[in-house]
Structures are given as C-alpha cells and as structure tokens.
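Here the structure comes first, spelled out in structure tokens, and everything after it is commentary.
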Amino acid sequence: MVDITQLQQAFHHTFSKSPRLFRAPGRVNLIGEHTDYNEGYVLPIALHFSTYVAGAARNDRLVRVHSLDFNEQGEFNLDNPQPPHPGNWLNYVEGVARSLEAEGNQLSGADLLIQSEVPIGGGLSSSAALEISTGFALLNLAGLPVNRLALAKAGQQAEHLYVGANVGLMDQLTSVFGHRNSALLIDCRSIEMMQIPLTYPGLSIVVCDTNVKHKLSASEYNTRRKECEQAVEILKVHLPSIQALRDVTLEDFERLKIHLPEPLQKRCRHVITENARTLAAAYSLRNSEIDVMGKLMFESHESLKNDYQVSCAELDLLVDTAANISGVFGARLTGGGFGGCTVNFVRNETIQLFRKTIETAYQKNFQLTPTLYVVETGNGVEEVEA
C-alpha cells in the first residue's frame, strides 16, 4: 500500500518542493461483460487499490513525470505535441493531458510523482486509475474546475489516441464516480449511473488473477465487436428501429434467431441475456439477495464461455473450482477474457479454504500459482489531505 508520508518525502527529494496529493481507484466489474460496446449495462465497483499522484504546478508548460513503480521519468511540453511512444506508460499521462486541452482546458506545467497499489496487468484497470489520477491532478494544479464526466471521457480518449486501445468508458467512469460500499450500475448508452448498495454482512469479494493472457485476446475482442455489429445489421431488416443489440429483447431474439448464422446467434444470445442478468444483479444487490447474485454470476460465466467464447481453460478451472467450495456464492470471469481474472463472492469464514483450494487446483493443472486479492470498495477520484 502507498505510504502518503513517504510519497511526499520522495516528491520533495525529487523536485525540491512540497506537493498536493491526489488518488484514483482501480475497478473490477461484477457482471455485465462485453455489453458496454453494445450500449448495454455494466455493474462495476471502484476498489480500495488506488494510484496516487503527488504534484505541484510549474510556471511554464512543461510536465515532468516520475514513476516510483517503474523507477522511470519522462516529460512533455504542452505546447509541443509529440507522437505516442508505443508501450510507454507516459502515453497515458500525456494522452489525458492532450485530451483535456483539446476540450478547452488550458493546463499549466506540473511536476508529478506517481505511485500505485493497483496491480499492473491484473485486470483491475491500473491504466484508468493512472489516467484519472493524473488528469484530476493536472486540472486542480492549474486551478481549473473539474467536470467529472469530461475527465472520464478524456481518459478514454487517451486510450484511443495515445495507447491504441479502443476501450469503452466503464473503467474511467468507475474511477471517477465510484463510491465506497456501492456498485455502480452504468447505462452505457445514456451514461446514466446509479449507486447500488453493496453492504451484505460477512461477504468478501475475491479477485483471482490467472497470471496468463493469451495472445488472441486483442484480435478476438475486435472480432466480437464486428460480429455484434453484423448481427445488428441483419436484425435491422426485421427491427428497423434498433441501434444496437441493447435494443433487442429476448422475445425478439427467439423469434428472429433463425435469420442469424452462427456464431452471430451465440454472440447475440450472450449480449441480450447478459444485459438482463446485469439489471437483475443490481436488483438483487439492492435487496441483499446474494444467493441470487451468485447464481447470476455463474450463469454469466457459462454464457461468456459457451456463447461469447471468450473464456479459457485457466478461467474455467478457477470458476469450476470455486463452484464446488462451500461458502462461495458466485464466480465468473471479469474483463475481456482469454486470461486475466475471475471475481468471486465468498463468505468471510471461507476465505482461507477458498485460497488453499484454488491455489492447489490451479498449481496441479497449470503448474502456476494464481494471485488472489481480497478487495474492498472505494471512493472515486479525490484530493487527499496530507
């Protein structure tokens, strides 16, 4: 975990001045996978894991950035745009700065020192935490008002233009608008958001990282998007008013699926049923019906495995193993798939048994050890009092 006092001291040592402090959280999606680019619903939580930024304004337009995690530094001039450098973490910082300026925010230069406790590459959206924390810091250090929705969109634009990832808006919205003890139901079409209480006593949320990421994940992600778009074009012949799969009801699908070739039929079934599951999950959480929520999580995984076909042997083993542990309410893959993480609802008293059983089964089958995180909900981006 980040020690704020040590971060302040490191900033003073690096830049010879005193900083202000800012933080933004990572996230995990409880349910609602591959629905965002179909204009559907997602149900993520902001985490207590955060990326912290110590910063101070400069009297010029130079942004100097030092990462304690990578022990690397970089800089860019706001008046002198440069092309992105593939694979460089600085792209996230410069990308969000350029996106904010493109929306009319006249930033000042700044000295920034970054340290994160969000696991990098673990599927908990360390990139969004970096974008939102640095964007929020730059706006505040320049004395500018913060439009939170615009900040989230600037983070997304950074991914699109500087990182080359055509991501949805869920990660950035969660990092900005998340709230402790709540999940965030997001309508990905209207960007309407609703806080859903998540206060079930005796419940832990455990994230299991497979520590694998299969190479076909990026290409298959793009393929799934195209397949959904193709399905919409076919269904529009019969349902002219639809704009996305979000507009297709289950009744419509059952009536018209004969017109959809495989695998489009499977892709549609997943998206349509996943949207329904996400709304049902929000309702179950509001009513503390964790058994119902858990059932929906297992159903979501089966749909992602069989209809959307984005799971893999490692994820399936983690979910199947969890399903046979007494005290586990639900489990499913979370994120794009083909590796990454599962999210699990587990009774507190079952945590040690859960950890031992999962690690033993995974080691036996794959000669790898998964990384387990017992996560807590956290607040969205904010300035931190020293």
- Within-4.5 Å side-chain heavy-atom neighbours: Val65 and Ser67: no

| task | Compute whether any side-chain donor of one residue and acceptor of the other, for Glu376 and His48, lie under 3.5 angstrom apart. | result | no

Taking atom types as modelled, is there a side-chain donor on Asn105 or Glu101 under 3.5 Å from an acceptor on the other?
no

* **Side chain to side chain, Leu235 and Leu245, heavy atoms closer than 4.5 Å** => yes

Query raised in the report: Can Glu262 and Lys266 be counted as an ion pair, charged N to O under 4.0 angstrom?
Result: no

Centroid-centroid under 6.0 Å between Tyr221 and Tyr37 rings | yes

Would you confirm whether Thr360, through its side chain, and Thr357, through its main-chain N or O, come within 3.5 Å as a donor-acceptor pair? no

Under 3.5 Å, is there a donor-acceptor pair between the side chain of Tyr362 and the main chain of Thr210?
yes

Under 3.5 Å, is there a donor-acceptor pair between the Glu39 and Gln243 side chains? no

Here the pair of heavy atoms bringing Ala110 nearest to Leu138 is CB-CD2, 3.8 Å

Query raised in the report: If we ignore angles and hydrogens, is there a donor and acceptor under 3.5 Å between the side chains of Thr334 and Asn29?
Result: no

Taking atom types as modelled and ignoring hydrogens, do the side chains of Arg27 and Thr174 form a donor-acceptor contact shorter than 3.5 angstrom? no

Within the 3.5 Å criterion, strictly below it, is a donor on Asp171 or Ser125 matched to an acceptor on the partner's side chain? yes

* May I have the step-by-step check of side-chain hydrogen bond (donor to acceptor under 3.5 Å, both in side chains) for Asn211 and Thr369, ending in yes or no? => CA-CA 8 Å; Asn211 289 318; Thr369 301; over 6 Å; no

Q) Does Tyr41 offer a backbone N or O that forms a donor-acceptor pair with the side chain of Thr35 under 3.5 Å? A) yes

When rounded to the nearest 0.5 Å, the distance separating CG of Leu315 from SG of Cys341 is 8.5 Å

Donor-acceptor pair, distance only, cut-off 3.5 Å: does the side chain of Ser204 make one with the backbone of Val206? no

| Within a strict 4.5 Å, meaning less than it, do heavy atoms of the Leu296 and Val292 side chains meet? | yes

Taking OH in Tyr283 as the centre, count heavy atoms belonging to other residues, nucleotides or ligands within less than 6.0 Å. Is the count above 12? no

**Asked** Do Val381 and Phe22 come within less than 4.5 Å of each other through their side chains, counting heavy atoms only?
**Response** no

Next on the checklist: Any donor-acceptor pair under 3.5 Å linking the side-chain atoms of Thr273 with those of Arg277?
Outcome noted: yes

_Please determine whether a side-chain nitrogen of the Lys or Arg among Asp36 and Arg189 lies less than 4.0 Å from a carboxylate oxygen of the Asp or Glu._
no

Apply side-chain contact (heavy atoms from CB on, under 4.5 Å) to the pair His160 and Gln157, showing each step before the final yes or no.
CA-CA 5 Å; His160 290 181; Gln157 281 294 102; 3.6 Å; yes

Next on the checklist: Set out, in order, the CA-CA distance, both residues' side-chain angles and the distance that settles side-chain contact (heavy atoms from CB on, under 4.5 Å) for Phe136 and Arg148, then state yes or no.
Outcome noted: CA-CA 9 Å; Phe136 189 75; Arg148 288 181 168 252; 4.2 Å; yes

Closest heavy-atom pair, Ser175 versus Ala129, reported as atoms and distance to 0.1 Å, is OG-CA, 3.9 Å

*Looking only at atom types and distance, does a side-chain atom of Thr350 sit under 3.5 Å from a main-chain N or O of Val346, one as donor and one as acceptor?*
no

One should read off an interatomic distance between Phe253 CZ and Leu260 CG, to the nearest 0.5 angstrom, of 6.5 Å

*Please answer whether the main-chain N or O of Phe49 pairs with a side-chain N or O of Arg23 as donor and acceptor at a distance below 3.5 Å.*
no

I'd like to know if the side chain of Thr321 and the backbone of Leu318 have a donor-acceptor N/O pair within less than 3.5 Å. no

Find out whether Val207 and Leu124 are in side-chain contact, i.e. whether some heavy atom of one side chain is under 4.5 Å from a heavy atom of the other. yes

Exercise. Looking just at side-chain N and O atoms, do Asn275 and Thr278 make a donor-acceptor pair shorter than 3.5 Å?
Worked result: no

Classify the side-chain pair His66/Asp111 by whether it contains a donor and acceptor separated by less than 3.5 Å. no

In short, Arg98 meets Phe76 closest at the heavy-atom pair NH2-CD1, 4.0 Å

Discussion item. Determine whether a donor-acceptor pair (N or O, by modelled atom type, separation under 3.5 Å) exists between the side chain of Gln115 and the backbone of Val2.
Written reply: no

| query | Has Lys295 got more than 12 heavy atoms of other residues, nucleotides or ligands less than 6.0 Å from its NZ? | reply | no

Salt bridge between Lys153 and Glu103, side-chain N to carboxylate O under 4.0 Å?
no

Legend entry - salt bridge (Lys or Arg N to Asp or Glu O under 4.0 Å) between Glu33 and Arg332, worked out: CA-CA 10 Å; Glu33 223 64 74; Arg332 60 179 290 276; 2.8 Å; yes

- Query: Taking side chain as C-beta onward, heavy atoms only, is Asn181 less than 4.5 Å from Leu198?
  - Reply: no

Can you tell me if Ser99 uses its side chain to pair, donor with acceptor, with the backbone of Val96 under 3.5 Å? no

I'd like to know if Asp60 pairs up with Arg58 as an ion pair, taking the criterion as any Lys NZ or Arg NE/NH1/NH2 lying under 4.0 Å from an Asp or Glu carboxylate oxygen.
yes

The reported gap from CG in Leu372 to CG in Asp209 (rounded to nearest 0.5 angstrom) is 9.0 Å

Among side-chain atoms of Glu274 and Ser300, is any donor-acceptor pair under 3.5 angstrom?
-> yes

- Query: Judged by modelled atom types alone, do Gln230 and Arg267 share a side-chain donor-acceptor pair under 3.5 Å?
  - Reply: no

Smallest heavy-atom separation, Ser126 atom then Ile120 atom, equals OG-CA, 3.8 Å

Exercise. Does Phe329 reach the side chain of Met293, with side-chain heavy atoms less than 4.5 Å apart?
Worked result: no

Consider only side-chain N and O atoms of Asp252 and Thr249, and report whether a donor and an acceptor are under 3.5 Å apart. yes

message: Does Val310 form a side-chain contact (heavy atoms from CB on, under 4.5 Å) with Arg224? I'd like the steps, not just the answer.
response: CA-CA 9 Å; Val310 293; Arg224 295 299 179 279; 3.8 Å; yes

Shortest non-hydrogen pair, Gly95 vs Ala158, comes out as C-CB, 3.5 Å

#### Entry: Residues Lys356 and Glu359 bridged, charged N to O under 4.0 Å
no

Review point. Will you find, in the side chains of Ser303 and His270, an N or O donor that is under 3.5 Å from an N or O acceptor?
Key: yes

Does Leu113 form a side-chain contact (heavy atoms from CB on, under 4.5 Å) with Val53? I'd like the steps, not just the answer. CA-CA 6 Å; Leu113 184 66; Val53 177; over 6 Å; no

Item to complete: Look at atom CG of Asn71 and say whether more than 12 heavy atoms of other residues, nucleotides or ligands are closer to it than 6.0 Å.
Response: no

Query raised in the report: Is there a donor-acceptor pair closer than 3.5 Å between any side-chain N or O of Arg255 and the backbone N or O of Leu250?
Result: no

Original post:
Regarding Ser116 and Asp69, is there a side-chain donor-to-acceptor distance under 3.5 Å anywhere?
Top reply: no

### Task
Look at atom CD of Glu385 and say whether more than 12 heavy atoms of other residues, nucleotides or ligands are closer to it than 6.0 Å.
no

Distance-only donor-acceptor check, side chains Asn222 and Glu220, under 3.5 Å: no

Minimal heavy-atom distance between Gly32 and Val42, with the atoms involved, is O-CG1, 3.2 Å

Within-4.5 Å side-chain heavy-atom neighbours: Leu304 and His34: yes

Interatomic distance, CG@Leu169 vs CD1@Ile186, rounded to 0.5 Å, equals 7.5 Å

